[in-house]
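From a predicted model like this one, the values you see are computed outputs, not experimental measurements.
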Amino acid sequence: MWTFVIRRVGQGLIVVVAAAVVVFLLTRAFTDPVDFVLPLEATEEQREAREAELGFDRPIIVQFGDYVEDLSRGDFGESLWQPGRSTIDIVGQTLPKTLQLVAAGMTLAIALALPMGMIAARRPGGVLDRILVTTSLIGLSMPQFFVGLLLLIVFAVQLQWLPVSGYGGFSHLILPALALALPAVGRLTMVVRSAMIDELNSQYVRVSKAKGTPTRVIFTKHAFRNAGVQVLTLSGWEITRALAGFTVVVEKVFAWPGFGLFALEAIQRRDIFLLSTIVLVAAILVVTVNVIIDILYKVIDPRIELT
Amino acid sequence: MADRLLEVDGLQVRFFTRRGVVHAVRDVSFGIERDETVGLVGESGSGKSVTSQAIMGLVEFPGSITAGDVRWKGQSLVHGPTAAADIKRIRGNEVSMVFQDPMTSLNPVFTIGSQLTEVTRRHLGYSKMQARERALELLDLVDMSNPRQRFKQFPGELSGGMRQRVLIAMALSCEPELLIADEPTTALDVTIQAQILELLAELQEDLGLSVLLITHDLGVVAGTCDRVCVMYGGRLAEVGPIDDVFETPTHPYSRGLLNSTPRIDEVTSRLVSIDGAPPDLVAPPIGCPFAARCEACSDRCISEMPELATIEKGRDVACWHPFTAS
């Protein structure tokens, strides 16, 4: 078990390093950062002076050495959009808000999808199953921005129960978390349902019934633990997609000051350093989630091996 | 009747599928006495497994018991207000079951120990320690080497024969009075088959178990059973003491089955097969289900269903033209 954990974490670190290299190449080698730093009408002399000042005139390999050294010191560079502020400082301020949103959204999604999927699997083809499947399909067919706008119009504008947008207390969290959760609920419910149906039809479930194990225990212990691998796979996917993708949309719709919104800002304001830091941090988050999911696999199912 | 444990009376099981109603079991009646081993024999689709599921209350949607009764020590497990609760209490406890496929019968993500202790903890209210002791004892009883190590292992770490032993141990946890073995050796290698059958026979003797052995293998029945019930097309064809049925089979189907089984004590140049296929149970024939494949078939066989009738003491046959000992 521990060798599994250590090996998996090691693999994760390699991916993070690779991500750092890619980010470095994209910002220094494939584009000229000075293009972003200086106004378009800058003269050639101004450009060269600035290039020398920032050290971009040196060989790429030397630049890479500096970059790695800076990263290892925790220096992610300075923002162009907000001069004088380090990019990691901006990420440090916005990331917790994104994490809060993702945690709320995904907890909600999983908390809703597990019972829904399990109830639907009790009697496939039954009335309850059909209702749940239809609702799930509607949920997963709606794009995030559409769900977001719908929720805004209904609950914030028409009913005025909740604030329209911005960061604040619990009431501000509800709508963006829901917008993040609903499509995920649809997808997760479908997977929980089909995985549970598969498991409930398996031979070991029959044997458990013949042993006199109560249906409740068969559902929540025997079948669910086996269905868990599939559910975990999709949950992991949902979490990483939310962290590195959907939050951008949801944060934009609800003006939630997380790092997704700042990623958009960074693009609009041509702040390549802030953007690369955000990308790097997002990569680290995605890798972390994946490592945790893989370790959980091993906990649920002893048969799983690293390949 | 001495001490009748189980009584199946006019059992009828139907599956309501899209194709139509499948008449899987039609009017099947038999009993099992204490200490008796009964073989239930038939080819695939004859209704023998469904019969065993019906006894255990495990017939699943879209199937259900549409008529008849299963009585455990005189008490109905199908009808009456307490039947549903009774069967839950009885199965795994007084009546337990061993299934066909040991490879998929254990939950792959729980240890052998956890699956074994589950039964005694539930039915007998054992503490964790008591259940563990009992589980180790059971693993030893079914001749598993190194029970302590097995206890901690996952099913994937054991071979098919070992898993079947674990399943038998599991079925024996609560000292059942009746063990239903549904083709317990079909999925195993021949050498392992013999070991498992031997184990079952030993346990039957040592623990005073009654056994209902379901199989399509007449050789298995011959070696282990006291009585045999031959099923065909969802109905009983012939019931009788094992030696009599083997010596003088009266139903043409039993004869066919015996002729198609290789025997060591008779020199036959060729094995005889039974031509044709079993009847479609969605639209079963109105007459004898075997009529279409029977050599002795007459008009009456096609138009009228033969009921199970006693031809001599302890021997019943459902046939208009039974072979008689001559």
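- The environment of NZ in B:Lys73 is crowded: more than 12 heavy-atom neighbours from other residues, nucleotides or ligands sit within 6.0 Å.
- Only the side chain of A:Val217 has a heavy atom closer than 4.5 Å to any heavy atom of chain B.
- Contact detail for A:Lys209 and B:Arg91: the closest heavy-atom pair is O-NE, 3.0 Å.
- Legend: salt bridge (charged side-chain N to carboxylate O under 4.0 Å, His left out) pairs involving residues 125-139 of chain B, not counting sequence neighbours, sorted by first then second residue: B:Arg134-B:Glu137.
- A:Asn226 contributes atom CG, which lies 7.5 Å from atom CZ of B:Phe110 (distance to the nearest 0.5 angstrom).
- We find the OG-NE2 distance between B:Ser114 and A:His222 to be 6.5 Å, quoted to the nearest 0.5 Å.
- For B:Phe16, the CZ atom sits in a packed shell: over 12 heavy atoms of surrounding residues, nucleotides or ligands are nearer than 6.0 Å.
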message: With side-chain contact (heavy atoms from CB on, under 4.5 Å) as the criterion, how do B:Gln115 and A:Tyr204 come out once you've worked through the C-alpha distance, each side chain's angles and the decisive distance to 0.1 Å?
response: CA-CA 11 Å; B:Gln115 296 186 58; A:Tyr204 71 81; 5.7 Å; no

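- Using a 4.5 Å cut-off on side-chain heavy atoms (C-beta onward), A:Pro214 and B:Arg122 make contact.
- Taking B:Met56, B:His123, B:Glu157 one by one and counting their heavy-atom pairs under 4.5 Å with chain A, the maximum is reached by B:His123.
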task: Could you walk me through whether A:Arg303 and B:Val109 pass the side-chain contact (heavy atoms from CB on, under 4.5 Å) test, one step at a time?
output: CA-CA 8 Å; A:Arg303 289 170 300 173; B:Val109 299; 4.2 Å; yes

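- Comparing B:Thr104, B:Asn107, B:Leu106 by heavy-atom pairs within less than 4.5 Å of chain A, the highest count is held by B:Asn107.
- Other residues, nucleotides and ligands contribute over 12 non-hydrogen atoms within 6.0 Å of the CZ atom of B:Arg89.
- Looking at B:Leu58, only its side chain comes within 4.5 Å of chain A, counting heavy atoms on both sides.
- More than 12 heavy atoms of other residues, nucleotides or ligands sit less than 6.0 Å from atom CZ of B:Arg71.
- Annotation for B:Met97 and A:Ala210: closest pair CB-CB, 4.2 Å, computed over non-hydrogen atoms.
- Here A:Val207 is the residue among A:Val207, A:Asp301, A:Val229 with the most heavy-atom pairs under 4.5 Å with chain B.
- Within 6.0 Å of NZ in B:Lys88 there are 12 or fewer heavy atoms belonging to other residues, nucleotides or ligands.
- Of all the heavy atoms in B:Glu118 and A:Thr213, the pair that sits closest is OE1-OG1, 3.9 Å.
- The side-chain tip of A:Arg206 does not point at the ring of B:Phe99 from less than 6.0 angstrom away and within 45° of straight on.
- The contact between B:Leu167 and chain A is made entirely by side chain atoms (from C-beta outward), counting heavy-atom distances below 4.5 Å.
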